[in-house]
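Written out below as structure tokens is the structure these notes cover.
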Amino acid sequence: MATPSFLGNRYWVLRHGKSIPNERGLIVSSMENGTLEEYKLASEGVNQAHLAGELFHKELKENKVPVENVRLCYSPFSRTSHTAKIVASVLNISFEGPQCKVVEDLRERFFGSSFELSSHDKYLEIWALDEKDPFMKPEGGESVSDVVSRLTNALITIEQEFQGCTILVVSHGDPLQILQTVLHAAKEYSGPSGDDLASRIQAVKVPSVLSRHRKYALLTGELRAVV
């Protein structure tokens, strides 16, 4: 799979392993709560992260990608940094070294204070709203469009810092669904916008594209090649 012309790196995504909030059925989406140690991976999630690291290592070998070319870019939430740290350990990469980078714009989608620490059954309400209007914010939270804006910033940061690398983005369910949606749409886009990343994403940042992000859903600990 060739790297698209508007990207300087290959991208894989990994949703964090099963977390303590997942086990407890809680929405933990604010930076204040999400970075707390008490919301890191559950024991099953630790196993999922190990398995994902081993699978990624196998894929790298099969594609003849040296581990030196890998960069782990991860959300600062405890469940994602915990996952990234385990994957780095499997790959024998120093988590404190230059191959691992925390990127704040890869954080979880904030669903709003009225949903924070409530039942994860509430996700269905938010996704129903996304289908109707991905530019509409849940009360006090981020719309799909808002998440696209900061993911674009994250990608620009990564693209400026790394070239010719295989990037593993370790993040959360909604941000990774949305990231896959816009990258696939940007890759297929053949309209009049420029060939730079930001212009392509802006061109596909439309309701008909963004409202369908759930089709790229990932399970906890699921690894996927994107572009």
inquiry  = Which residues pass the side-chain hydrogen bond (donor to acceptor under 3.5 Å, both in side chains) test with R224, not counting sequence neighbours?
reply    = Q180, E222
Student check: side-chain heavy atoms of L197 and L7 closer than 4.5 Å = yes
key: Side-chain heavy atoms of R10 within contact of I167, under 4.5 Å   = no
note = Distance col, row L14:CG vs L218:CG, nearest 0.5 angstrom, shows 8.5 Å
message = If you count every heavy atom of other residues, nucleotides or ligands that lies below 6.0 Å from M136 atom CE, does the total exceed 12?
response = no
task = State the OG-CG distance between S78 and L41, to the nearest 0.5 angstrom.
result = 8.0 Å
request  = Answer whether the closest heavy-atom distance between the side chains of L60 and L91 falls below 4.5 Å.
outcome  = yes
ask   = Under a 4.5 Å side-chain heavy-atom rule over Ile, Leu, Val, Met, Phe, Trp and Tyr, are V87 and W12 clustered together?
value = yes
remark   = Between V147 and P175 the two heavy atoms that sit nearest each other are CG1-CA, 4.2 Å
inquiry  = Regarding S149 and D146, do their side chains bring together a donor and an acceptor under 3.5 Å, going by distance alone?
reply    = no
key: Separation between NZ of K187 and CZ of F6, rounded to the nearest 0.5 Å   = 8.0 Å
ask   = Crowded around Q163 CD? As in, over 12 foreign heavy atoms under 6.0 Å?
value = yes
note = CG (L124) and CZ (R214) are apart, to the nearest 0.5 Å, by 8.0 Å
query = Would a 4.5 Å heavy-atom cut-off, applied to side chains only, mark V209 and V206 as touching?
reply = yes
ask   = Taking NZ, NE, NH1 and NH2 as the nitrogens, is one of them in D130 or R109 under 4.0 Å from a carboxylate oxygen of the other?
value = yes
query = What are the two closest heavy atoms between P76 and S81, and how far apart are they?
reply = O-OG, 4.3 Å
inquiry  = One pair to check against side-chain contact (heavy atoms from CB on, under 4.5 Å): S114 and E139. What are the steps and the verdict?
reply    = CA-CA 7 Å; S114 59; E139 187 184 340; 4.3 Å; yes
Closest approach of F111 to S29 (non-hydrogen atoms, all atoms of both residues) = N-OG, 3.2 Å
ask   = Stepwise, does the side-chain contact (heavy atoms from CB on, under 4.5 Å) test hold for L179 with V226?
value = CA-CA 9 Å; L179 179 64; V226 185; over 6 Å; no
ask   = With distance as the sole test, does N9 use its side chain to make a donor-acceptor pair with the main-chain N or O of E159 at under 3.5 Å?
value = no
inquiry  = Determine whether T166 and Y11 satisfy the following criterion, side-chain contact (heavy atoms from CB on, under 4.5 Å), listing intermediate values before the conclusion.
reply    = CA-CA 6 Å; T166 294; Y11 284 84; over 6 Å; no
key: Sub-4.5 Å side-chain heavy-atom contact between P134 and S145   = no
request  = Decide yes or no for V46 and H82: does some side-chain heavy atom of the first lie under 4.5 Å from some side-chain heavy atom of the second?
outcome  = yes
query = Taking atom CD of Q160 and atom CG of L155, what is their separation to the nearest 0.5 Å?
reply = 11.0 Å
inquiry  = Looking only at side-chain N and O atoms, does E116 offer a donor or acceptor that is under 3.5 Å from a partner on N33?
reply    = yes
key: Atom of F77, atom of S30 and distance for their closest heavy-atom approach   = CZ-O, 3.3 Å
ask   = Can you list every side chain to side chain donor-acceptor pair (under 3.5 Å) pair that touches residues 83-102, not counting sequence neighbours?
value = K101-E161
query = Do L106 and L176 have side-chain heavy atoms sitting under 4.5 Å apart?
reply = no
ask   = Hey, are E108 and R79 close enough for a salt bridge, meaning a charged N less than 4.0 Å from a carboxylate O?
value = yes
query = Hey, are S75 and H172 close enough side-chain-wise for a donor-acceptor pair under 3.5 Å?
reply = yes
message = Would you say the rings of Y216 and H184 are close, in the sense that their centroids are separated by under 6.0 Å?
response = yes
request  = Decide, yes or no, whether a salt bridge links K58 with E62 under the criterion of side-chain N to carboxylate O below 4.0 Å.
outcome  = yes
inquiry  = For I27 versus F115, what's the shortest heavy-atom pair and its separation?
reply    = CB-O, 3.6 Å
key: Interatomic distance, L151 atom CG to R107 atom CZ [nearest 0.5 angstrom]   = 9.0 Å
query = Counting distance only, does the side-chain N/O of R71 pair as donor-acceptor with the main-chain N or O of E68 below 3.5 Å?
reply = yes
task = Answer yes if the side chains of T220 and Q48 hold a donor-acceptor pair under 3.5 Å, and no otherwise.
result = yes
ask   = Is there a side-chain contact (heavy atoms from CB on, under 4.5 Å) between Y74 and L168 once you walk through the steps?
value = CA-CA 8 Å; Y74 61 95; L168 179 63; over 6 Å; no
inquiry  = Students often mix this up, so state it plainly: with edges at 30° and 60°, are the rings of Y123 and H120 parallel, tilted or perpendicular?
reply    = tilted
ask   = Any side-chain heavy atom of V182 sitting closer than 4.5 Å to one from K205?
value = no
request  = State, to 0.1 Å, how close E38 and I20 come at their nearest heavy-atom pair, and which atoms those are.
outcome  = O-CD1, 3.4 Å
inquiry  = Any carboxylate oxygen within less than 4.0 angstrom of a Lys/Arg side-chain nitrogen, looking at R150 and E142?
reply    = yes
task = Taking N63 for its side chain and V65 for its backbone only, find out whether a donor-acceptor pair lies under 3.5 Å.
result = no
